[in-house]
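Naming convention: chains lettered A, B, ... in sequence-line order (proteins, then strands); numbering from 1 in each chain. Keep in mind the model is a prediction, meaning the values are calculated, not measured.
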Amino acid sequence: MSLPETWEPRPVPPANPETERFWSAAADGTLLLRECPDCGLVYHYPSALCPDCFTEAEWREASGDGTVYSFSLLRNHGDWPEDDLPVVFAYVELEEGPRVITNILDCPPQDVEVGMDVTVAFVPTDTEDVAIPVFVPAE
Amino acid sequence: MAADESVYIAGAFEHPTRDAPDKSTMQLHAEVARGALEDAGLEKDDVDGLLTAGVPWGGSGLPPLIMADYLGLDVSFADTTDWGGSSYVGHVGHARDAIRNGRCDVALVTLAGRPRSDPRSDDFQSYQDEFERPYGSVTLGRYAVAAQRHMHEYGTTPEQLAEIRVAASQHAQHNEDALFQDPVTVEDVVESRMVADPLHLMDCCVVTDGGGALLLVSEDVRADLERECVEVLGYGEAIGHLDGGRIDLTHTAAVDSGPMAFDDAGIDHDDIDYASIYDSFTITVLQTLEDLGFCEKGEGGEFVEGGTLQAPHGDLPFNTDGGGLCNNHPANRGGMTKVIEAVRQLRGEANDPVQVDADIAIAHGTGGSLGTRHGSITAVLGGEDR
Ligand SMILES: [Zn+2]
């Protein structure tokens, strides 16, 4: 097993001013979360204002460790390379709390289980400032 | 009109088509509108309120303007609130309030679409797409992760989910318009093709062209009608979402919409004779039954065993038209047919073998996706002679 060299032809996100730092940090090998300086909420997606109190949030580096909260094996998918099916569509619960949508890679899909320990990895895209955070089994 | 004045569903029509390659979606809107007017015994010119959603398919047009123009309606009230498939249950509540407030007397609710003959792929459309679509997020997967987590936390089994499809198929055999009319067994369901673990093909609803329409009317209008009417007794709506990453995949927003609607109507679970429960997937039904309080959280699997949902003898007959699982899920939006079948039950016009003695019914919609964002909407309806 290994990671794809590039995320294409899978869909690549169009970054916007609110989110470009998230994607460029990923391109530099860092998973970012948002943290509210007022109420302390650590959250994802990285909206500029805290979803609980509308305070301007700060960026915070995630450890990249988490566990699989849930997953599904998508047997067919129009956006995916045939030889990379099924897609392991998953929620990972990060050590910091937020449950994030992702894919589990670098492991046989049938071996994925709820509760398994995973860690973040990044797959480059053809866009220089965008990489895709995914999760792989922890060592 | 007074804030507590009665409002009724006077017309309900489900388009008989399940595949419409030779018609436009707008044409289907007009056909279901005509059908509901005929059912109520009302004229087109009587309509002064318009409610719809998802017009045009996948686009960001100006739905009330497009619809009023195309249908040639002169309306004093329009509402195109879109909670996905549950929208049409929501429109029942919004139409009731508009009529009570004197904004209109005859409100037309329409739904139409052609996903079977004209599938379109959607593109990056929302803020959230940016963090979901790169991972292959699709409706099917977003419900499958809910099922997987429910199984993990509560030990729910594929066989228990299959019971829901079995009940729907038992009902569909009596519906000559249903897309799938053959009864299936638990084995058929769990041996059907796995499409997104842990969901099998038969855990999923049908894809159909078609539509439906409703007409809601004031007490004054109703007084002049011959047609048996159904009263809107209660209504509640709520939205569930990712909540900054605190999403709980085992719960739906029905935990909020249900009590709101039941309180509004002044009813309890024991009063409910029939339930239309949105069945995009079997897991949607199971979680909704728990969240509406028909059983404890986590006990939905046990609850649906033994024919609980099967009419006419089950404790809680559901989706007696065959539901979205077997009959119809027009435009990928099942809220409309949920209301229509509840109206049929309360009028005594369900298919004979599945007609129950119903005075009080609920129609519950779940639009969007359990795995990300969804709108849960509950309507309580009452028969004329209750
Ligand atoms: Zn805050």
Side-chain angles (χ1 to χ4, degrees), chain A residues 7 10-16 18-19 22-23 33-34 36 41-47 50-52 57 68-80 84-91 93-94 96-104 109-110 112-115 123 125 130 132-134, chain B residues 119-156 158 192-201 203-204 241-251 281 283 287 369-373:
Chain A
W7 197 247
R10 302 164 191 81
V12 171
N16 67 51
E18 192 180 14
T19 62
F22 176 88
W23 298 112
L33 289 168
R34 285 286 203 174
C36 176
L41 180 70
V42 178
Y43 65 91
H44 186 71
Y45 311 128
S47 52
C50 167
D52 276 7
V68 174
Y69 173 68
S70 192
F71 72 97
S72 176
L73 311 185
L74 310 183
R75 305 302 180 103
N76 288 293
H77 205 297
D79 291 339
W80 245 247
D84 192 33
L85 292 172
V87 183
V88 185
F89 176 70
Y91 263 98
E93 183 172 302
L94 300 175
E96 293 81 2
R99 294 166 180 163
V100 304
I101 287 174
T102 189
N103 292 151
I104 309 297
Q110 60 274 18
V112 176
E113 288 179 354
V114 175
V123 179
T125 70
V130 176
I132 309 297
V134 298
Chain B
R120 307 272 173 93
S121 66
D122 54 344
D123 214 335
F124 284 93
Q125 281 178 347
S126 69
Y127 175 83
Q128 292 90 348
D129 274 353
E130 192 177 327
F131 301 95
E132 297 172 8
R133 201 165 158 241
Y135 300 111
S137 176
V138 289
T139 304
L140 174 60
R142 293 192 291 261
Y143 279 84
V145 291
Q148 183 86 264
R149 186 69 198 182
H150 201 279
M151 288 177 170
H152 175 78
E153 284 194 33
Y154 301 112
T156 307
S192 67
R193 182 163 56 86
M194 187 72 89
V195 287
D197 310 50
L199 297 179
H200 300 82
L201 185 62
D203 287 304
C204 310
H241 52 71
L242 280 93
D243 197 19
R246 290 167 288 190
I247 189 169
D248 176 352
L249 289 176
T250 68
H251 279 80
F281 301 90
I283 185 64
Q287 290 202 13
S369 296
L370 294 189
T372 50
R373 293 159 293 284

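Most heavy-atom pairs under 4.5 Å with chain A: of the set B:A144, B:G141, B:A147, this distinction falls to B:G141. Ranked by non-hydrogen atom pairs under 4.5 Å with chain B, the options A:Y43, A:F22, A:F71 are led by A:F71. Chain B forms more heavy-atom pairs under 4.5 Å with one residue of A:P86, A:S47, A:P46 than with any other, namely A:P46. Heavy-atom pairs under 4.5 Å with chain B were tallied for A:T19, A:V100, A:V87, A:I132; the largest tally goes to A:T19. Across B:M151, B:R142, B:E132, the residue that shares the most heavy-atom pairs under 4.5 angstrom with chain A is B:E132.
Taking the six-membered ring for Trp and the full ring otherwise, A:W23 and B:F131 have centroids separated by under 6.0 Å.
A:D52 CG to B:R246 CZ: the interatomic distance, rounded to the nearest 0.5 Å, is 4.0 Å. Summarising the geometry, atom CG belonging to A:D79 is positioned 14.5 Å from atom OH belonging to B:Y135; distances are rounded to the nearest 0.5 Å. Here CD of A:E113 is found 10.0 Å from CD of B:Q148. Values are rounded to the nearest 0.5 Å.
Across B:D197 and A:S72, no two heavy atoms sit closer than the pair O-OG, 2.7 Å. Nearest heavy-atom pair across B:M194 and A:R75 is O-CG, 3.3 Å. Here the closest non-hydrogen pair linking B:A196 and A:L74 is CB-CD2, 3.7 Å. Scanning both residues, A:H77 and B:G136, for their nearest heavy atoms gives NE2-O, 3.0 Å.
A donor-acceptor distance shorter than 3.5 angstrom exists from the side chain of A:Y69 to the backbone of B:L249, with no hydrogens or angles considered. Formation of a donor-acceptor pair under 3.5 Å by the B:E130 side chain with backbone atoms of A:P13 is not found in this model. Remark: side-chain polar atoms of A:Y91 are paired, donor with acceptor, to backbone N or O of B:G371 under 3.5 angstrom. At distances below 3.5 Å, at least one donor-acceptor pair connects side-chain atoms of A:R99 with backbone N or O atoms of B:I247.
Between A:N76 and B:R193, the closest side-chain pair of non-hydrogen atoms falls below 4.5 Å. Under the 4.5 Å side-chain criterion, counting only non-hydrogen atoms from C-beta, B:T372 is in contact with A:I101.
Looking at B:L242, only its side chain comes within 4.5 Å of chain A, counting heavy atoms on both sides. Residue A:P133 touches chain B through both its backbone and its side chain, counting heavy-atom pairs closer than 4.5 Å.
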